[in-house]
Protein chains: 2
Amino acid sequence: MRKPYDRKNMPSESSEMYIQKIFRLTRKQSNASISEIAAALGFSLSTVSEKVKHLTHDGYLVHEWREHVSLSEKGQITACKTLRKRRLIETFLYKFAGYGLHEVHDEACRLEHVISERLADAIEGMLGFPKTDPHGHDIPSKKGILPERKLTTLYETADEKSVTVAALQTTDPELLKYINDMGLTPGIQCEVIDKAPFKGPVRIKVNDCILPLSVTMASLIEVVPAPCTNDKPVRNKQNNVKAPVAPIKS
Amino acid sequence: MRKPYDRKNMPSESSEMYIQKIFRLTRKQSNASISEIAAALGFSLSTVSEKVKHLTHDGYLVHEWREHVSLSEKGQITACKTLRKRRLIETFLYKFAGYGLHEVHDEACRLEHVISERLADAIEGMLGFPKTDPHGHDIPSKKGILPERKLTTLYETADEKSVTVAALQTTDPELLKYINDMGLTPGIQCEVIDKAPFKGPVRIKVNDCILPLSVTMASLIEVVPAPCTNDKPVRNKQNNVKAPVAPIKS
DNA sequence: ATATTGAATTTGTCTAAATAAAATATTATA
DNA sequence: TATAATATTTTATTTAGACAAATTCAATAT
């Protein structure tokens with residue numbers, strides 16, 4: 001089956017999805033199994049087994065031994081390039097197109113396979129070369145390098161300690177909407193009041209409001225001690241976005 | 001084959017391409033033949049024959065009689081919606097992303113099948129609700145209506161008459177680049193000096209420069225008499241584009 | 001040493017989109 | 001009216017991406 005437009009020697013959209021997902025999976029555990037990948041993508045084992053074979057043959061993956069699927073150098077770069085596109089698009093949608101934190105994911109997932117690197121660069125410029133996306137995730141460099149930033153979660157933060165929200169580790173729209181509505185977006189400062197024992201809820205203070213957070217919620221919110229390395233704090237009054245001002249060509 | 005992402009009940013990318021192409025073909029002649037469509041898309045006759053059957057079954061096309069393929073109401077709307085996306089994207093690429101007149105087509109062709117209507121709306125807003133794209137073509141309305149604007153070409157223009165360039169009827173990058181470099185972009189005024197007999201070249205004056213144009217070239221350039229209904233004239237000093245200014249969310 | 005189990009792979013099937021080659025239908029012409 | 005030319009449709013194949021069911025493989029547990 002031929003694509004309606006020419007992808008040159010780029011990996012197919014499907015391949016990019018596999019590669020990106022495996023990238024995610026192997027960030028923490030260094031290796032992934034076929035079944036993990038299948039579960040993560042929602043495909044059947046056979047489908048994934050077959051595809052992994054192809055991607056290995058094409059040099060994107062290394063499949064050493066049963067549960068030892070990982071990305072090759074080439075795969076890493078591919079993954080980072082796609083991820084860069086995705087995160088730049090998400091930032092664009094958020095900052096310029098009036099999308100909410102919980103709405104950027106779907107659109108970006110479709111666009112990331114389709115925009116050229118050139119357009120990604122242009123968008124990056126428009127956005128003023130952001131370091132992070134609206135969820136607080138680092139945007140990989142053009143060359144395909146994603147710096148490893150290890151963060152702690154709000155759940156792990158000691159009582160009475162003040163922190164800055166750095167990143168939100170979820171793509172679930174419901175959760176994101178809730179977090180956003182609480183005002184816990186990346187860049188915002190908050191203080192952990194206390195944690196109830198036996199995995200009980202965490203109480204935090206944001207903007208002089210005291211909010212209770214479930215363990216799951218608190219574990220999704222990654223923080224840094226005091227002054228944050230992220231881009232500037234972001235207020236999200238949705239549908240309150242002005243169009244960017246037209247440049248020279250007028 | 002299932003798409004990696006969900007297109008809901010939208011037509012496939014491939015279908016959108018057929019529909020759009022048939023839209024183009026039937027703007028002038030009201031009917032298209034299988035062979036015309038095949039030629040326009042660069043597909044084989046059998047492929048097109050088959051696909052036309054499907055699209056007819058799905059209610060996008062009406063295939064009355066041999067060479068009488070045309071769009072149904074539903075097909076018209078689909079075509080216009082895709083075309084609207086394409087032209088908004090082209091305008092965006094041109095005005096905000098530093099793309100040249102001859103470079104917008106490819107990127108837009110890929111993106112038009114993938115962006116949501118919502119994003120198209122957002123882009124439209126950013127651009128200040130443009131009426132025409134960088135080639136001077138009308139941008140269809142959100143509801144899927146493309147006004148018919150009948151224009152004359154530079155070739156048909158009488159000697160010594162002053163006109164405004166309205167639209168460029170080509171997607172060929174080479175030609176577009178050349179036209180752009182001559183400064184004959186939509187919105188620009190020029191004067192037809194004279195035409196050599198027997199389909200000879202046309203001489204025109206732009207910015208006090210006298211330029212000779214081949215018949216093919218002059219036939220591609222559509223014009224209106226004096227003051228143009230297009231958006232404001234556009235200077236295209238490429239790579240001279242400033243990033244749009246960031247809006248409220250900062 | 002042999003079941004049992006769980007993971008991975010193979011095999012066979014499906015669909016959408018494309019092709020080429022053969023068959024058929026329509027129109028125009030001698 | 002028969003025939004040549006042209007346009008269209010059918011038939012059989014291909015490829016990528018998916019699935020389910022059957023099978024193989026390796027590591028334990030008995």
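A, B, ... follow the sequence lines: proteins, then strands. Residue 1 opens every chain. Note that the structure is predicted; figures quoted are calculated from it, not measured. The figures here come from the full heavy-atom set of this structure, side chains too, leaving out hydrogens, waters and symmetry mates.
Ring geometry for A:F92 against A:F96 counts as perpendicular: the plane angle is over 60°, on a 0 to 90° scale with 30° as the lower cut.
For A:S46 and D:dA20, a side-chain-to-base donor-acceptor distance below 3.5 Å is present, hydrogens and geometry of angles not being considered. A donor N or O paired with an acceptor N or O is not found under 3.5 Å between the base of D:dA7 and the side-chain atoms of B:S33.
C:dA16 atom P lies 12 Å from atom NE2 of B:H57, rounded to whole Å. Taking atom CD of residue B:E13 and atom C1' of nucleotide C:dA18, one finds them 15 Å apart after rounding to whole Å. In this structure, A:H54 atom NE2 and D:dA16 atom C1' are separated by 8 Å, rounded to whole Å. Spacing between atom NE2 of B:H68 and atom C1' of D:dA7 amounts to 13 Å, rounded to whole angstrom units. Distance, B:I37 CD1 to C:dA18 P: 13 Å, rounded to whole Å. In this structure, A:L41 atom CG and D:dA18 atom C1' are separated by 12 Å, rounded to whole Å. Separating the CG atom of A:L55 from the C1' atom of D:dG17 is a distance of 12 Å, rounded to the nearest angstrom. Atom-to-atom, CZ of B:F43 to C1' of C:dA17 comes out at 8 Å; the value is rounded to the nearest Å.
Between D:dC19, D:dT9, C:dA8, one nucleotide has an atom nearer to the side chain of A:I34 than all others, and that is C:dA8. The side chain of B:S14 lies closest to C:dA18, out of C:dA8, D:dT9, C:dA18. Out of D:dC19, D:dT9, D:dG17, the shortest distance to the side chain of A:S12 is found at D:dG17. Listed nucleotides: C:dA8, D:dT9, D:dA21. Nearest to the side chain of B:L45: D:dT9. The side chain of A:E50 sits closest to C:dT11 out of D:dT9, D:dA20, C:dT11. Listed nucleotides C:dA18, C:dT27, C:dT9 differ in distance to B:W65; the shortest reach to its side chain belongs to C:dT27.
Considering B:D133, B:D121, B:D138 in turn, B:D121 is the only one that fulfils the side-chain hydrogen bond (donor to acceptor under 3.5 Å, both in side chains) rule with B:R84. Tested against B:K81 for a salt bridge (Lys or Arg N to Asp or Glu O under 4.0 Å), the candidates B:E112, B:E16, B:E117 yield a single pass: B:E117.
Look at B:S35 and you'll find a side-chain N or O under 4.0 angstrom from OP1 or OP2 of D:dT8. Phosphate proximity of C:dA7 to A:S49: absent, as no side-chain N or O sits under 4.0 Å from OP1 or OP2. Between A:K51 and D:dG17 there is a side-chain polar atom (N or O) within less than 4.0 angstrom of OP1 or OP2. When the side-chain nitrogen and oxygen atoms of A:S44 are compared with OP1 and OP2 of D:dC19, one or more of them lie within a distance under 4.0 Å. Proximity of B:K53 to the phosphate of D:dT10: a side-chain N or O atom is located under 4.0 Å from OP1 or OP2. Listed pair B:Y18 / C:dA18 meets the phosphate criterion, a side-chain N or O lying under 4.0 Å from OP1 or OP2.
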**Report entry** Full working for salt bridge (charged side-chain N to carboxylate O under 4.0 Å, His left out) between A:R110 and A:D106
**Finding:** CA-CA 7 Å; A:R110 278 178 286 124; A:D106 285 6; over 6 Å; no
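A:K142 has no carboxylate O lying under 4.0 Å from a charged side-chain N of A:E124, or vice versa, which leaves the two without a salt bridge.
Around the CZ atom of B:R27, the shell of radius 6.0 Å holds more than 12 heavy atoms that belong to other residues, nucleotides or ligands.
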